[in-house]
Amino acid sequence: MILNRFIRWLGRYEGWFGGGAALCIGIGLYMGLVTSPPDYYQGEVVRIMYVHVPSAKTSLFAYLVLFIGSIWYLWKRDPVIDNMCHATAGIALFYVGTALLTGSIWAKPTWNTWWTWDPRLTSFAILFLTLVGYLMLRTFLDDKEKEATFAAILAIIGFIDLPIVYFSVEWWRTLHQPMSMSVRGISFAPEMLTPLILMSIGSSLLFSYMLMVRTQMLYLERLLEAKQGRLLSETRL
Amino acid sequence: MRLGRKTGIVFSISLIVFGLGYLAYGNFGKNLVYFVTPSEVVTFESDRYGRKIRVAGMVVQASLKVVPNTLKITFDLTDGAETIPVAFEGVPPDLFKEGTGAVVEGFWDADGVFHSHMIMAKHEEDYMPIEMKNAGMTLPTKGIIKTLQVK
Amino acid sequence: MKRFYLRWGGVLVIGVIICLFGLARYQREVSHIPIEKFLDEKPTRAVRVLGMVVGGSLNRGGAGEPIQFTLSGTGAQVPVYYQGEDPENLRELKKLVIYGRWNPEEQRIESETILGVPNYGFVSWAYLVTLIPMTLFLFNMERKVALLYIMIKEEKVYQSEESA
Amino acid sequence: MHFFNTIRWIAWKDLLSEVRNRENISSMFFFALIVIFIFSFSFSLDPRTVQEVMPGIIWVAFGFTAIIGLGKSFLAEVHNDCMEYFQMLPVPKGAIYLGKFIGNVLFMLIVETILFPLFVLFFNLDVLEKFPQFLLIFGVATVGLSALGTLFSALTVQVRAREVMFPILLLPMAVPIFIGAVEATRGVFNGDAFALYSHWIQLLVVFDVIFVIVSFWIFEFILDF
């Protein structure tokens with residue numbers, strides 16, 4: 001399978017992903033916190049954007065990876081892909097939580113509210129709950145193959161939420177501002193665009209790196225279980 | 001009737017895409033509201049007076065007035081077509097000012113004034129330093145008025 | 001494991017350095033004092049003072065004329081005399097940071113720059129709730145992988161009792 | 001015509017067993033009745049607040065009904081080892097799903113039509129002439145709830161903590177359905193013209209279509225053991 005080989009080839013460069021992420025995030029943080037100017041309207045608070053936007057974008061990307069991985073699993077029944085999906089869900093939950101928290105912190109000084117039931121916020125909260133349900137479902141099943149299949153099914157159904165999260169600010173009337181990078185062009189001053197892009201790249205690289213590490217971790221956990229003879233009958237490595 | 005499996009899948013996927021497209025661009029999107037606009041507020045019948053709603057609009061330039069020594073302010077809210085007066089009591093958010101977007105929560109009453117107890121500032125999606133703004137630069141945005149109207 | 005801790009030590013050092021840079025910028029360009037402290041000390045050099053514009057006190061003199069208003073803290077009030085371009089941020093009932101110096105003869109602050117509220121507290125919280133959990137999350141995962149490798153190497157392959 | 005026959009027979013079987021032992025409908029009904037009691041004790045309702053909170057109360061009650069009723073819809077099959085036989089049926093597995101789904105929609109609608117007059121009775125609502133609108137909203141929302149509920153029921157009956165997992169999976173996904181249903185019901189209560197809340201019914205229809213189609217195709221993977 002060519003994709004499996006591609007992933008194995010990518011895995012050899014794991015350290016590069018981690019190093020690249022550290023470099024991008026380091027420079028991005030320095031620029032975002034120190035050199036970038038305050039916004040004409042929001043003032044210093046605009047700096048929250050440099051953590052909020054990358055984590056929100058990465059969480060959507062992570063869910064997309066989870067969705068594709070789930071379809072792939074149902075198609076090929078490859079336990080390594082299942083491991084990858086499991087790992088992705090954990091990291092995606094982490095990123096969604098971060099985006100919700102930083103978004104809430106950003107909303108207070110700009111919109112004057114911690115939380116409101118705006119379509120973007122509501123659909124994002126649903127994404128969070130879906131991922132929590134996904135991870136809980138996995139802990140309540142003993143049979144590994146059943147666990148993988150059911151989790152994949154859940155991830156595929158939950159995917160309906162994703163286009164709604166992404167496009168809600170363009171389709172409907174929301175308190176959340178529309179997309180800043182779209183067909184209309186890029187609405188960032190260059191001094192602000194550079195740290196944002198660096199942080200976004202760093203965040204995606206970090207996601208890839210975390211995904212590699214976490215997939216390895218889950219795989220090794222299973223391997224150890226198998227080696228110790230526990231659950232040997234139910235584990236197909 | 002034997003529908004082929006592939007035909008079924010293609011048909012299903014197109015139906016789902018059509019459904020999502022309808023959510024996005026159909027008649028529906030105009031009605032799914034987090035807030036209403038001043039144009040809609042002025043058409044309210046008397047049975048909708050006093051009911052809690054949110055109205056979004058742009059604060060009209062030079063309409064903001066502070067009642068001295070109180071926390072009461074009044075201002076006008078517009079969506080380009082209609083303008084309504086708003087009476088507000090409380091501390092307005094930091095980013096609330098003339099010429100920017102605001103979402104006010106409260107009720108519309110028979111006296112033709114929107115009574116509000118909560119203001120949320122709605123900002124645009126452009127970000128630039130203050131020197132650039134003072135130099136008169138603009139970045140591409142949808143514009144507050146346009147985000148209120150949705151197609 | 002030694003290389004692992006070395007790497008994470010490096011990450012920590014870089015994080016601390018960036019924090020220090022941020023703090024230095026904050027001290028240099030953003031930090032401010034409340035009105036009460038300002039009135040106690042009455043410093044001679046220019047400082048940044050935080051306060052709210054009292055409703056109804058704003059007096060715009062017209063084009064080119066200086067602007068006068070009263071700034072209030074929790075109790076204390078102080079008149080401000082501002083000369084310069086009409087600032088966008090200056091509104092009644094708004095919290096502001098005034099950069100100016102004390103004029104002892106006129107008993108007022110004379111200012112040439114008016115800034116918005118920096119709200120740095122929100123910024124630092126947003127960064128903390130992102131970066132600290134992220135670091136811990138990744139650190140734990142990596143440590144676990146390293147430990148698992150060691151454990152798997154030491155673990156003997158299971159043999160059932162019948163075959164033994 | 002295997003496909004449609006399967007749908008019909010499975011729905012028929014569910015109805016028949018329900019008629020014989022009345023387990024499902026009675027438990028759903030009494031549970032919802034208790035919810036109504038609790039609500040009328042916990043709010044002191046004057047006519048104005050009734051209008052405000054009634055749509056929410058109705059849909060909370062119906063949501064609980066769905067959790068109780070739909071969650072068990074595959075329990076009998078698992079207990080009697082019917083899942084293997086389902087798997088062996090020489091039809092697309094979606095047909096089994098559709099049969100179950102139709103049975104569930106019928107159960108839910110029966111319970112809702114019995115419950116609604118009780119709401120009217122207990123809360124002194126003045127809505128009987130708007131019964132057709134209510135029936136339409138209940139119908140569309142129930143289709144969406146049952147579509148998700150049937151799928152998740154088939155999924156969670158094989159899970160250890162099934163009573164916990166079923167609502168945890170169902171409720172977040174069903175949020176759009178609840179939003180649409182509550183808003184449309186509120187529109188009817190307020191006596192608005194149909195055009196003022198018809199978009200919520202459109203939302204419900206769109207989600208019904210999406211949920212039914214996705215569940216129909218994905219169901220065969222659940223039976224794959």
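Every chain is numbered from 1 and lettered A, B, ... according to where its sequence line falls, protein lines coming before strand lines.
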*If contact means a heavy atom pair closer than 4.5 Å, which residues of residues 49-59 of chain A contact chain C?*
A:Y50, A:V51
*What part of C:V11 gets closer than 4.5 Å to chain A, counting heavy atoms only: side chain, backbone, both or neither?*
neither
_Mutual orientation of the aromatic rings belonging to C:F21 and A:Y30 [parallel < 30°, tilted 30-60°, perpendicular > 60°]_ = perpendicular
*Would you give the length of the straight line joining atom OG1 of A:T102 to atom CG of C:L128, rounded to the nearest 0.5 angstrom?*
12.5 Å
*Can you list the steps and then say if C:R25 with A:L33 is a side chain to side chain contact (heavy atoms under 4.5 Å, CB included)?*
CA-CA 8 Å; C:R25 181 184 175 277; A:L33 279 174; over 6 Å; no
*Return the option, out of A:V213, A:V46, A:T98, with the maximum number of heavy-atom pairs under 4.5 Å with chain C.*
A:V213
*If you round to the nearest 0.5 Å, how far is CD1 of A:I105 from OG1 of C:T130?*
7.0 Å
*Distance-minimising heavy-atom pair for A:I48 and C:A126*: CG2-CB, 3.7 Å
_Does A:W16, at its CH2 atom, have more than 12 non-hydrogen atoms belonging to other residues, nucleotides or ligands within less than 6.0 Å?_
no
_For A:L206, which atoms come within 4.5 Å of any heavy atom of chain C: side chain, backbone, both, or neither?_
side chain
*For the residue pair A:M210 and C:F137, what are the closest heavy atoms and their distance?*
CE-CD2, 3.6 Å
*Check whether C:R28 gets within reach of chain A through its side chain, its backbone, both or neither, counting any heavy atom under 4.5 Å.*
neither
*Determine yes or no for a side-chain-to-main-chain donor-acceptor pair under 3.5 angstrom, with C:Y127 supplying the side chain and A:L29 the backbone.*
no
*asked:* If I take atom CH2 from residue C:W125 and atom CG from residue A:L101, how far apart are they, to the nearest 0.5 angstrom?
replied: 11.0 Å
*What part of C:I17 lies closer than 4.5 angstrom to a heavy atom of chain A: side chain, backbone, both or neither?*
neither
*From A:L224 CG over to C:M151 CE, what is the distance, rounded to the nearest 0.5 angstrom?*
4.5 Å
_Approximate separation, where rounding is to 0.5 Å, of C:M141 CE and A:M212 CE_ = 12.0 Å
*Which bit of A:Q42 is near chain C, if near means a heavy-atom gap under 4.5 Å: side chain, backbone, both or neither?*
neither
*How long is the gap from CG on C:L148 to CG on A:L218, to the nearest 0.5 Å?*
9.5 Å
*Sort C:Y120 into side chain, backbone, both or neither according to what part of it lies under 4.5 angstrom from a heavy atom of chain A.*
side chain
_I need the minimum non-hydrogen distance between C:P133 and A:F94, along with the two atoms involved._
C-CZ, 3.6 Å
